[in-house]
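What you see below is based on every heavy atom in this structure, not just the backbone, and it leaves out hydrogens, waters and symmetry mates. Values in this document were obtained by computation on a predicted structure and should not be read as measured data. Below, read A as the first sequence line, B as the second, and so on, with proteins coming before strands; counting in each chain starts at 1.
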Amino acid sequence: MLLFDDVYSDMLDSIRKVLPETNSSDLALDKTGRCDYSFRTFRLSKLTGKNLDQISELVSPAIRGLPFVGKIKNESGYLNIFIKDSFFLDSVRRYLDERKQYPDTFQDPERVLVEHTSTNPTGPIHIGRSRNSVIGDSLARILLRYGYRVTTQYYVNDSGKQVAALYRGFEMFHPGETPTVDSLLSGYQKIYSEMQDRQKEKELIDPVIQSYENGDKEVIEKIREYCSIMLAGIMESMLSIGIKIDDYVWESSFLDGGELNQVFESLSDRTEDDGGAKYITLPDGAKVYLRRSNGTSLYFARDIAYHIFKAMNADWVIDVLGEDHKDHARHLSTVLKEYMDYKPRIDFVTYGFMSLEGSKFATRMGNIVTLDDLLARTIEEALKVVKEKRPDMPPEKLADVARNVAISSIRFNIIRVNSVKHVDFRWKEALSFDGDAAPYILYAYARAGSILNRVGSFEKHMSVEYDAEERALAKSMFLYPYFLKESVDSLRPEIIAAYCLDLVKTFNDFYSACQVIGSGVEIEKRVTLITCFRKILRDAGSLIGIKFLEEM
RNA sequence: GGGCGCGUGGCCCAGUCUGGAUAUGGCAACAGCCUCCUAAGCUGUAGAUCGGGGGUUCGAAUCCCCCCGCGCCCGCCA
């Protein structure tokens with residue numbers, strides 16, 4: 001829960017005291033530049049039968065008494081409300097001084113479990129998959145900032161067909177060799193081309209799955225070993241862009257565990273038989289298989305078991321999934337909620353697929369960009385740019401700047417787009433550092449810092465006169481909690497990305513319009529604006545993984 | 001074929017949930033701004049029948065219906 005001077009709620013409450021019919025959409029943040037908030041009198045007029053002026057005469061006095069409300073204008077069906085100029089900065093500064101952060105938070109007892117990435121440990125993480133990690137990590141940070149107790153979890157698929165293929169591929173094509181990421185991947189790719197027809201696939205893979213589920217120690221240990229090697233590489237890649245997951249849960253731990261039995265027991269009344277295989281039929285008519293005819297379990301059953309496990313430590317479960325899992329997620333949710341009395345709130349955040357320069361990702365065709373490739377090339381490109389812009393900078397600093405710019409850019413490019421949208425990855429765009437991108441944010445932060453470094457001592461005098469640019473910057477900072485809340489309510493991290501861009505834009509307007517050093521009676525207010533701006537931008541930007549720099 | 005989602009200037013994107021006062025930014029293009037706190041910046045110009053059609057409404061990018069295009073899913077894979 002967020003603690004701040006919530007002017008919106010205060011005004012809405014006051015208005016409802018005199019006009020209980022008021023809907024929350026009747027009072028809104030102004031988008032036209034006329035005022036700060038506007039109240040739609042025409043809507044209430046229609047609803048209550050009172051004319052526009054009568055509504056206005058009722059509402060104006062109700063909010064005029066609020067300490068932050070300034071002018072109120074009655075204009076063509078709208079009541080245009082102004083907040084007092086100095087209120088925005090005073091409010092933000094008070095929180096930062098007294099509570100060290102704006103907004104402050106109240107610890108929510110709810111435990112949130114964000115599962116993300118969970119990519120099969122059968123190869124390095126590629127940029128399509130990294131969208132999952134970036135979204136999940138940002139969401140976790142945002143929820144934590146909001147005041148929830150958050151943990152992140154990676155579900156490691158070390159049972160089932162994919163990893164059976166990983167095992168079989170390595171044993172077939174690299175017998176006796178020491179397993180490495182490369183040799184494992186090579187075996188996996190080779191056996192996958194063998195598995196093109198399903199008959200061949202059955203012959204190669206079924207025996208492995210069978211012995212795995214029968215508890216064949218050697219197979220289980222080997223698979224676990226190979227998966228661990230692959231997973232270590234994935235973890236390192238994620239860490240390179242600032243993502244660290246709290247817990248890794250191995251799917252195999254549910255094979256002989258009580259959760260899986262619990263699943264089959266709970267669903268036994270609904271289970272139907274198809275030649276020995278077991279399935280259930282959902283309300284939408286979909287048949288979902290739980291067991292193969294040979295008795296081994298299927299992903300759906302194991303995923304229910306996993307979610308039962310999750311519920312033991314969470315009040316709110318959030319899964320970040322590719323859009324190809326949307327139906328699975330819907331079905332899972334139905335079974336948990338309708339058939340199994342699942343207690344936690346559960347949400348699925350799905351994201352659209354990525355393509356590469358207009359064509360599909362195809363792992364086996366080599367049409368793929370790994371996260372490591374992307375980071376390496378982006379650092380290289382960033383280095384070129386910094387060298388050019390800052391010939392005076394020492395090499396170790398150049399490298400540090402290039403790395404932070406690259407990490408921030410990659411994460412920002414991924415997170416700024418609404419997750420439901422498909423994204424076509426283009427190198428030209430990925431390596432561009434102009435406009436709506438991370439460097440825009442980093443640069444403003446560094447420039448603001450530079451002013452503070454140079455300003456020295458100055459005369460204390462908090463001016464209450466505000467230029468338009470000063471006011472806009474203070475207002476933008478003040479509005480941060482609303483965006484944070486909206487981001488949590490909708491589970492959309494891109495709202496924070498958009499907020500950062502908007503905040504920086506108001507700063508740049510201020511920067512070019514208002515000289516700070518040597519500005520006489522304005523200086524304390526302007527230094528305060530910059531100090532607060534840096535804290536809030538850093539706060540918001542960190543939620544989406546931006547790594548700030550003092551200098552660039 | 002059925003289900004789900006997407007379609008906004010040449011390109012990328014916001015706004016759609018909760019209908020309202022001039023449809024948001026950026027890239028690319030063109031014209032400007034460093035004797036002044038970092039020009040990875042700022043200012044200006046040009047560029048949009050909000051996929052198409054119908055409907056609801058005083059009012060539709062936003063809600064409803066139909067159609068078109070694209071993506072994903074429809075496995076005893078995960």
Requested in this report: Give one of base, sugar-phosphate or nothing for Ser38(A), where a contact means two heavy atoms less than 4.0 Å apart.
Outcome: base
Query raised in the report: Hey, does Arg40(A) reach any base, or is it just sugar-phosphate, or nothing, if we go heavy atoms under 4.0 Å?
Result: base
Query raised in the report: Which glycosidic conformation, syn or anti, is assigned to rC33(B) if syn requires a torsion within 90° of zero?
Result: anti
Report task. State, with a plain yes or no, whether a side-chain heavy atom of Ile280(A) is found less than 4.5 Å away from one of Glu272(A). Result -> no
Requested in this report: Under 4.0 Å between any heavy atoms, over every strand shown, what does Arg492(A) touch: base, sugar-phosphate, or nothing? Just pick one.
Outcome: sugar-phosphate
**Report entry** Donor-acceptor side-chain pairing of Gln210(A) and Asn294(A) below 3.5 angstrom
**Finding:** yes
Query raised in the report: Rounded to whole angstroms, how far apart are CD on Glu469(A) and C1' on rC42(B)?
Result: 11 Å
Query raised in the report: What does His325(A) touch in the nucleic acid at a heavy-atom separation under 4.0 angstrom: a base, only the sugar-phosphate, or nothing?
Result: base
Query raised in the report: How far does the P atom of rC74(B) sit from the matching atom of rC27(B), given to the nearest Å?
Result: 41 Å
Query raised in the report: Contact class for Tyr440(A) (heavy atom, under 4.0 Å): base, sugar-phosphate, or nothing?
Result: sugar-phosphate
Report task. Hunt down the Watson-Crick or G-U wobble partner of rU43(B), both distances under 3.5 Å, from any strand shown, or write none. Result -> rA31(B)
Report task. Send over the distance from Asp327(A) CG to rC4(B) C1', rounded to a whole Å. Result -> 6 Å
Report summary line: As its Watson-Crick or G-U partner within any shown strand, both distances under 3.5 Å, rC37(B) has none
**Report entry** Euclidean distance for P, rC12(B) against rA28(B) (whole angstrom)
**Finding:** 15 Å
Report task. Flag the pair Asp36(A) and Lys475(A) as a salt bridge only when some basic side-chain nitrogen lies within less than 4.0 angstrom of an acidic carboxylate oxygen. Result -> yes
**Report entry** Aromatic contact, Tyr212(A) with Tyr167(A) (centres under 6.0 Å)
**Finding:** no
Report task. Would you kindly check whether a donor in the side chain of Ser450(A) faces an acceptor in the base of rC37(B), or vice versa, at under 3.5 angstrom? Result -> no
Report summary line: Per atom distances to the Ser25(A) side chain, the nearest of rU18(B), rG75(B), rC11(B) is rU18(B)
Query raised in the report: What nucleic acid atoms does Glu323(A) come within less than 4.0 Å of, heavy atoms only: base, sugar-phosphate, or nothing?
Result: sugar-phosphate
Query raised in the report: If the P atom of rG52(B) is compared with that of rG69(B), how far apart are they to the nearest Å?
Result: 15 Å
Query - Minimum-distance nucleotide to Lys389(A) side chain [options: rG41(B), rG19(B), rA40(B)] - result: rA40(B)
Query raised in the report: Val455(A) near the nucleic acid: base, sugar-phosphate alone, or nothing, with a heavy-atom cut-off under 4.0 Å?
Result: nothing
Report summary line: Winner on side-chain proximity to Gln162(A), out of rC6(B), rC77(B), rC76(B), is rC77(B)
Query raised in the report: In the strands shown, is rG71(B) matched to any nucleotide by a Watson-Crick or G-U wobble pair with both distances under 3.5 Å, and which?
Result: rC4(B)
Query raised in the report: Starting at OH of Tyr167(A) and ending at P of rC77(B), how long is that distance when rounded to a whole Å?
Result: 20 Å
Query - Nearest to side-chain heavy atoms of Ile451(A), which nucleotide of rC6(B), rC37(B), rC42(B) - result: rC37(B)
Query raised in the report: Does the side chain of Arg447(A) get closer than 4.0 angstrom to OP1 or OP2 of rG41(B) through an N or O atom?
Result: no
Query - Ring centroid separation Tyr480(A) to Tyr499(A) under 6.0 Å - result: yes
Query raised in the report: Gln210(A) has an atom CD; how far is it from atom P of rC77(B), in whole Å?
Result: 12 Å
**Report entry** Side-chain N,O (Asn508(A)) to OP1/OP2 (rC42(B)) below 4.0 Å
**Finding:** yes
Query raised in the report: Glu551(A) near the nucleic acid: base, sugar-phosphate alone, or nothing, with a heavy-atom cut-off under 4.0 Å?
Result: base
Report summary line: Across every strand shown, the nucleotide meeting Watson-Crick or G-U wobble geometry with rC58(B) (both distances under 3.5 Å) is rG20(B)
Requested in this report: Using a heavy-atom cut-off of under 4.0 Å over every strand shown, decide if Tyr511(A) touches base, sugar-phosphate, or nothing.
Outcome: base
Report task. Report the residue (Val386(A) or Glu251(A)) whose heavy-atom-nearest nucleotide on RNA chain B is the more 5′ of the two. Result -> Val386(A)
Query raised in the report: With side chains defined as the heavy atoms from C-beta onward, is the minimum distance between Leu442(A) and Ser408(A) less than 4.5 Å?
Result: yes
Report summary line: Ranking rC37(B), rC76(B), rA40(B) by distance to the side chain of Gln515(A), first place goes to rC37(B)
Query raised in the report: When rounded to the nearest Å, what value does the distance between P atoms of rU57(B) and rG10(B) take?
Result: 34 Å
Requested in this report: Nearest whole angstrom, please: distance from the C1' of rA40(B) to the CG of Asp436(A).
Outcome: 13 Å
Query raised in the report: Which value, in whole Å, describes the distance between the P atoms of nucleotides rC64(B) and rG20(B)?
Result: 15 Å
Report task. Provide, to the nearest angstrom, the distance between the CG atom belonging to Leu290(A) and the P atom belonging to rG75(B). Result -> 15 Å
Report summary line: Rounded to whole Å, the CE-P distance (Met195(A) to rA78(B)) equals 11 Å
Query raised in the report: Which value, in whole Å, describes the distance between the P atoms of nucleotides rU45(B) and rU24(B)?
Result: 13 Å
Query - Among rG7(B), rA78(B), rG5(B), the nucleotide that comes nearest once only the side chain of Lys421(A) is considered - result: rG7(B)
Requested in this report: Sticking with atom P, work out how far rA78(B) lies from rC63(B), rounded to a whole angstrom.
Outcome: 38 Å
Query raised in the report: Side chains of Ser252(A) and Asp158(A): donor-acceptor distance under 3.5 Å anywhere?
Result: yes
Query raised in the report: Base, sugar-phosphate alone, or nothing: which one does Lys46(A) contact when heavy atoms must sit under 4.0 Å apart?
Result: base
Report summary line: Note: for Glu494(A) and Ala513(A) on RNA chain B, the residue whose nearest nucleotide lies more 5' is Glu494(A)
Requested in this report: Please work out if Asp274(A) contacts a base, only the sugar-phosphate, or nothing of the nucleic acid, heavy-atom cut-off 4.0 Å.
Outcome: base
Query raised in the report: To the side chain of Arg292(A), which of rG41(B), rA78(B), rC17(B) is closest?
Result: rA78(B)
Query raised in the report: Between Lys525(A) and Glu522(A), is there a salt bridge with N-O shorter than 4.0 Å?
Result: yes
Query raised in the report: When all nucleic acid strands are considered with a 4.0 Å heavy-atom cut-off, which category describes Asn418(A): base, sugar-phosphate, or nothing?
Result: sugar-phosphate
Query - hbond_proxy Asn80(A) side chain to rA21(B) base (donor-acceptor, 3.5 Å cutoff) - result: yes
Report task. Would you classify Phe300(A) as touching base, sugar-phosphate or nothing, given that sugar-phosphate means primed atoms plus P, OP1 and OP2, and contacts are heavy atoms under 4.0 Å? Result -> nothing
Query - Distance between P atoms of rU8(B) and rG53(B) (Å, rounded) - result: 16 Å
Requested in this report: Let me know the distance between CG of Asp303(A) and C1' of rA78(B), rounded to the nearest Å.
Outcome: 9 Å
Query raised in the report: Can you tell if the side chain of Ile546(A) reaches within under 4.5 Å of the side chain of Ile544(A), non-hydrogen atoms only?
Result: yes
Query raised in the report: Between rC4(B), rU22(B), rC77(B), which nucleotide has the shortest distance from any of its atoms to the side chain of Thr32(A)?
Result: rU22(B)
Report task. Please determine, by modelled atom types, if Tyr440(A) and Asp434(A) share a side-chain donor-acceptor pair under 3.5 angstrom. Result -> no
Query raised in the report: Considering only rA78(B), rC13(B), rC76(B), which nucleotide approaches the side chain of Arg416(A) most closely?
Result: rC13(B)
Requested in this report: Just call it for Leu298(A): base, sugar-phosphate, or nothing, with non-hydrogen atoms closer than 4.0 Å on any strand.
Outcome: sugar-phosphate
Query raised in the report: Among the nucleotides rA21(B), rA40(B), rC76(B), which one has an atom lying closest to any side-chain atom of Val405(A)?
Result: rA40(B)
